[in-house]
2 protein chains.
Amino acid sequence: MDTNFDKKIFIENFKHNCNRIKIKNFVKGETVTTYIEKRNQICFVLSGEVDLIRYDFNGNKTIIGHFVDNDVFGEVFYPANTNNELFVTARKNSEILFYTYDSLFTKCRRNCDFHKELTNSLSELFLDQIVSLNLRIELLTKRNIREKLLAYFEILTKGSIRKTFTLPYSYTDLADFLSIDRSAMMRELKLLADEGFIKKNGSKITLLY
Amino acid sequence: MDTNFDKKIFIENFKHNCNRIKIKNFVKGETVTTYIEKRNQICFVLSGEVDLIRYDFNGNKTIIGHFVDNDVFGEVFYPANTNNELFVTARKNSEILFYTYDSLFTKCRRNCDFHKELTNSLSELFLDQIVSLNLRIELLTKRNIREKLLAYFEILTKGSIRKTFTLPYSYTDLADFLSIDRSAMMRELKLLADEGFIKKNGSKITLLY
DNA sequence: AAAAAACTGTTGCAATTGCAACAAAAATGA
DNA sequence: TCATTTTTGTTGCAATTGCAACAGTTTTTT
């Protein structure tokens, strides 16, 4: 995230008591919110990590989204028609800011500083969100497991010279994130290792190409 | 798209000659822009339809995105690291507004009306874009061809009582959009018809459930 | 109006992926 | 610390998907 968005301003303004804002802490595993009913709130990750989860009728779990520092989420970003039950759970202990709105783009009557700052920041936050959603689509449109894995590794090593990294997910979760079967993914990882493309040691992976 | 964004204001302001804006017309099949180099521009669809296309090294074409009235696109929305050549082509004759920026979130020195309007509208445009990207992710995370098709049909019939619709894509393009093999998709459509879930007549489909 | 190009519908076969199951290892928590 | 739960690594088998190919249809271009 390379926005200029300053979370200190949020918290500062919270102390000034804009009544539309609430900050809550969640422990790992706790449900942060659901997308089942309209809540008219935007959620910001102040710290920690949360996942947007979907279970389908076969019991398949999919990690639809994964949100970290300064990411925004909430039912307002989600198309209304999907008849899935989506919910957000904390992957780590997390601090979440909830901003409740009547109409997102009208100014609050108090014209509080927070709200001004929010309006200015929204575009930037949204833009960042678009970029990361596009990155996700880039992954999901890959045609097979191998390409999904390699594209994901590409992201993890992006910008760094080192070709070794530790996966931020468990393998179970990684499969759910890439929307593929775990055992098929493990098999493909083994193939990638056997064919000399990667070296794999637990959750530490080195790219050899 | 249910924004309050008013494209007339854009065009009006164009006449007032903000030098950051250009409007161009493209005929079907023409390349609108590429995401290969940094162009510092946001593109708006004023009319028509354009596709964001990726070809992978196997020659597979994927329709990464599809943009219609009031949608925004451009390389600024795309993660920098993907080493694919992405380009946008006109699916229909289209009218595209290009907005060139130095820094997206600083005001242009002239402080022209267009720019004010833009700043105010950006959040809304971006929010809409997020929603449609999430819808796309919803599709792409479905675990098999059948579920992708049914989820896509769901979108097409959303809001309407009628369960009959004409596909807005050719079958070839639909497969590229869902990131699946065309012949496998045709086979699945046939199965869906044989099993009585849909009725299919050319590009006209009726849901029977 | 004829020729060329693109799209549809279909199939056999091969490759990939998903499913189920289980033992071993690691992480969690009581 | 010990018991329980979760994750990892693996495999055989079945189901799904992709690939290649081709004939017929429709659309586009000349």
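Note on naming: letters A, B, ... go to the chains in the order of the sequence lines (proteins, then strands), and numbering restarts at 1 for each one.
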Is [X] close enough to [N] that one of its side-chain N or O atoms is under 4.0 Å from OP1 or OP2 there?
X: B:Lys200; N: C:dT8; value: no
X: A:Ser183; N: D:dG9; value: no
X: A:Lys190; N: D:dT8; value: no

Salt-bridge test for A:Arg146 and A:Glu195: reply yes if a basic N is under 4.0 Å from a carboxylate O, no otherwise.
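Yes, this pair counts.
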Which whole-number value in Å describes the distance from [X] [atom1] to [N] [atom2]?
X: B:Glu147; N: C:dG18; atom1: CD; atom2: C1'; answer: 13 Å
X: B:Met186; N: D:dC19; atom1: CE; atom2: P; answer: 17 Å
X: B:Asp181; N: C:dT17; atom1: CG; atom2: P; answer: 13 Å
X: B:Glu188; N: C:dT8; atom1: CD; atom2: P; answer: 18 Å
X: A:Arg143; N: D:dT17; atom1: CZ; atom2: P; answer: 13 Å
X: B:Lys28; N: C:dA5; atom1: NZ; atom2: P; answer: 17 Å
X: A:Tyr171; N: C:dA27; atom1: OH; atom2: P; answer: 13 Å
X: B:Leu191; N: C:dT11; atom1: CG; atom2: P; answer: 11 Å

Looking at A:Lys200, I want to see if its NZ is surrounded by more than 12 non-hydrogen atoms of other residues, nucleotides or ligands under 6.0 Å.
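Counting neighbours around NZ of A:Lys200, more than 12 heavy atoms of other residues, nucleotides or ligands fall under 6.0 Å, so yes.
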Selection from [options] that lies nearest to any side-chain heavy atom of [X]:
X: B:Ile145; options: D:dG18, D:dC19, C:dG18; value: D:dG18
X: B:Arg182; options: D:dG18, C:dG9, D:dC13; value: C:dG9
X: B:Thr172; options: C:dT16, C:dT8, D:dT16; value: C:dT8

Report yes if the distance between the aromatic ring centroids of B:Tyr78 and B:Phe73 is under 6.0 Å, otherwise no.
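No; B:Phe73 has its ring centre 6.0 Å or more from that of B:Tyr78.
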Classify the ring geometry between A:Tyr169 and A:Tyr152 as parallel (under 30°), tilted (30 to 60°) or perpendicular (over 60°).
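Aromatic pair A:Tyr169/A:Tyr152 classed parallel.
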Short question: side chain of B:Tyr171, backbone of B:Gly202 - any donor-acceptor pair under 3.5 Å?
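Yes, because the side chain of B:Tyr171 sits within donor-acceptor range (under 3.5 Å) of the backbone of B:Gly202.
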